[in-house]
2 protein chains.
Amino acid sequence: MNLSIAEENYIKSIYKLEEEGQDAVTTNALAGELDTKPASVTDMAKKLKEKKLIAYEKYQGINLTPEGKKAALSIIRRHRLWECFLVDKLSFSWEEVHELAEELEHVRSEKLTNRLSEFLGNPQIDPHGDPIPDAQGKLGKPRVQTPLHKAKAKRLEVVAVSDKSTALLEFLNAKGIRLGTQLDVIERYEFDNSIELKIRNQPAFTISEQVSKNIMVKPI
Amino acid sequence: MNLSIAEENYIKSIYKLEEEGQDAVTTNALAGELDTKPASVTDMAKKLKEKKLIAYEKYQGINLTPEGKKAALSIIRRHRLWECFLVDKLSFSWEEVHELAEELEHVRSEKLTNRLSEFLGNPQIDPHGDPIPDAQGKLGKPRVQTPLHKAKAKRLEVVAVSDKSTALLEFLNAKGIRLGTQLDVIERYEFDNSIELKIRNQPAFTISEQVSKNIMVKPI
DNA sequence: AATAAAGTTTAGGTAAATCTAAATAAAAGG
DNA sequence: CCTTTTATTTAGATTTACCTAAACTTTATT
């Protein structure tokens, strides 16, 4: 199956939204994710249905077929491997790599992908903590992790960040929050669900619910 | 200046044809190089003229402006650095990398390009022996080299291959001819300008003028 | 220099991926 | 259950990068 870049981006976003729990991905949600208009999504849905990559009926939302899911995992594999490359080999920081990987992922060559993986030591997780599908499209199960705003323990370790927007990643970087960082929860404020945190010896600071929703943690 | 992939490919091809000696690049030559139709070239020429990347007057052919040349060198830099990466780090062979680099080169990020260069040890030449423009777009002058069919010395070293078609590169690979290979000229046959060669201890073999024209050598 | 041949441009059209505006369907609220 | 709001789709345009066929220049040949 030969996909255009636009088609690949749709497949990737549908996969993402399915993962986030929606049973069928809505036209509007997909338009929001791809920063496009609902009408454009409807057009593309027809095309992807034609290619048997999604199940789609008018007004009924979108789901990936097994074939579509395979395509999604292949794209995600390339994306995450390039992120590893940029961070491990070219010393990019955490928050810079998403946009670049978004471009590099569209070079579809299995040989390149597999050699890149080998070169990187066949990494299992990318710099944001997300698992990397293997060459067969098998995805190591996402590790036990909770969004920070739901975590119960007082002492936590950051294992992933679910929103990859540069704005958030820059914010986290500025606060010193990265993969593996240990956080101590000082206080939870009910009125706005903000959380007061402390890292090691640094002064405490507060983050909004918006932010804590996107920080995945595990208890230590 | 933000260029589309198509525009970048035109700029690159114009640069290549200018280098190959044509004073002004003709519509037909460019169509041939890009495997497209002359009418399409005319369309694009108007657009690139608008963007001040080429000088173009109806029926008078095309030349890069200084700005266009700068753009070309930037693309070529990315292309050749990725070729180095593929060969040096991912163990691709000589003839496989051109097509892949053709895709990777369109990721335009100066930061990525410069970090990649650094990671590779700021190489001066790519795996085919062509010089790599530096970050300022300065191109080390192409080294002293002659096409094999014009070389006079008996013992020669391969320094570059001018035709990058997979077919030729595969042929050379099969014969054991690569960058740095030492060749001994056994005999030159006038009737068809073929050349009998020998590499180290291997049995001698003959190559056509077609091939020898595209192998650049220097005397040892 | 006239004409044939080759090269180039124009005109008009197509496919992909987008958009806006209008129409239609589904969901939510009273 | 009827109506309003929200979500989705359709219809019709637009842009980019192509194409073919016809018209027009330039160059080469007699």
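Bear in mind that the values here come from a model prediction, so they are computed numbers and not experimental data. Residue numbering restarts at 1 for every chain, and letters A, B, ... go by the order of the sequence lines.
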Visitor: So do L148(A) and I207(A) actually touch side chain to side chain, heavy atoms under 4.5 Å?
Guide: yes
Visitor: Do N9(B) and H106(B) have side-chain atoms, one donor and one acceptor, less than 3.5 Å apart?
Guide: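 Indeed, the side chains of N9(B) and H106(B) share at least one donor-acceptor pair under 3.5 Å.
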Visitor: Within 45° of the axis and under 6.0 Å from the centre of the six-membered ring of F85(A), does NZ or CZ of K89(B) qualify?
Guide: no
Visitor: Quick one: which protein N/O atoms are closer than 3.5 Å to N/O atoms of nucleotides 11-13 of chain C? Pair and distance per line, please.
Guide:
none

Visitor: Measure from NZ on K46(B) to C1' on dT8(C) and round the result to the nearest Å.
Guide: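 So the NZ-C1' distance, K46(B) to dT8(C), works out to 11 Å.
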Visitor: Starting from the C-alpha separation in whole Å, work towards a yes-or-no answer on salt bridge (Lys or Arg N to Asp or Glu O under 4.0 Å) for E196(B) and R188(B).
Guide: CA-CA 6 Å; E196(B) 194 175 359; R188(B) 292 172 174 277; over 6 Å; no
Visitor: State, yes or no, whether a side-chain contact exists between R115(B) and F119(B) at a heavy-atom distance under 4.5 Å.
Guide: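 Contact flag for R115(B)/F119(B) side chains = no.
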Visitor: Any side-chain heavy atom of N63(B) sitting closer than 4.5 Å to one from E18(B)?
Guide: yes
Visitor: Would you grab the first and last nucleotide of DNA chain D (5' to 3') that comes under 4.0 Å of any non-hydrogen atom in chain A?
Guide: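 The footprint of chain A covers dA7(D) to dT10(D).
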Visitor: Please list, chain by chain and in numerical order, all residues satisfying side chain to side chain donor-acceptor pair (under 3.5 Å) with K175(A), sequence neighbours excluded.
Guide: none
Visitor: Can you sort out which residues in residues 4-15 of chain B have a heavy atom within less than 4.0 Å of DNA chain C? Ascending by number, please.
Guide: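 Output list: empty, so none.
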Visitor: Over how many whole Å does the gap from M44(A) atom CE to dA16(C) atom C1' extend?
Guide: 8 Å
Visitor: Thinking salt bridges, do K51(B) and E67(B) make one under a 4.0 Å N-O criterion?
Guide: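 Salt bridge: no.
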Visitor: Output yes when at least one side-chain N/O atom of S40(A) is less than 4.0 Å from OP1 or OP2 of dT18(C), else no.
Guide: no
Visitor: Taking side chain to side chain donor-acceptor pair (under 3.5 Å) as the definition, give me every residue that meets it alongside K16(B), ordered by chain and number, with sequence neighbours left out.
Guide: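 Testing K16(B) for side chain to side chain donor-acceptor pair (under 3.5 Å), a comparison that skips the adjacent residues, returns E33(B).
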Visitor: Could you tell me the separation between the CD atom of E50(A) and the P atom of dA16(C), rounded to a whole number of Å?
Guide: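 In whole Å, dA16(C) P lies 12 Å from E50(A) CD.
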Visitor: With no hydrogens and no angle check, just 3.5 Å: does a side-chain donor-acceptor pair link T113(A) and E110(A)?
Guide: no
Visitor: Looking at K12(B) and E105(B), is any side-chain nitrogen of the basic one under 4.0 Å from a carboxylate oxygen of the acidic one?
Guide: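 A salt bridge is present here (some side-chain N lies under 4.0 Å from a carboxylate O).
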Visitor: Taking OP1 and OP2 of dT8(C), is either one under 4.0 Å from a side-chain nitrogen or oxygen of N28(B)?
Guide: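 For dT8(C), OP1 or OP2 has a side-chain N or O of N28(B) closer than 4.0 Å.
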Visitor: Write down the protein N/O and nucleotide N/O pairs, taken from nucleotides 24-28 of chain C, whose separation is under 3.5 Å; answer none if there are no such pairs.
Guide:
unit_1, atom_1, unit_2, atom_2, d
dA25(C), O4', Y59(A), OH, 3.3

Visitor: Please test N28(B) against T26(B) for side chain to side chain donor-acceptor pair (under 3.5 Å), starting from the C-alpha separation and ending with a verdict.
Guide: CA-CA 5 Å; N28(B) 259 6; T26(B) 65; over 6 Å; no
Visitor: So do the side chains of K111(B) and L100(A) get within less than 4.5 Å of each other, counting heavy atoms only?
Guide: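 No; the side chains remain at least 4.5 Å from each other.
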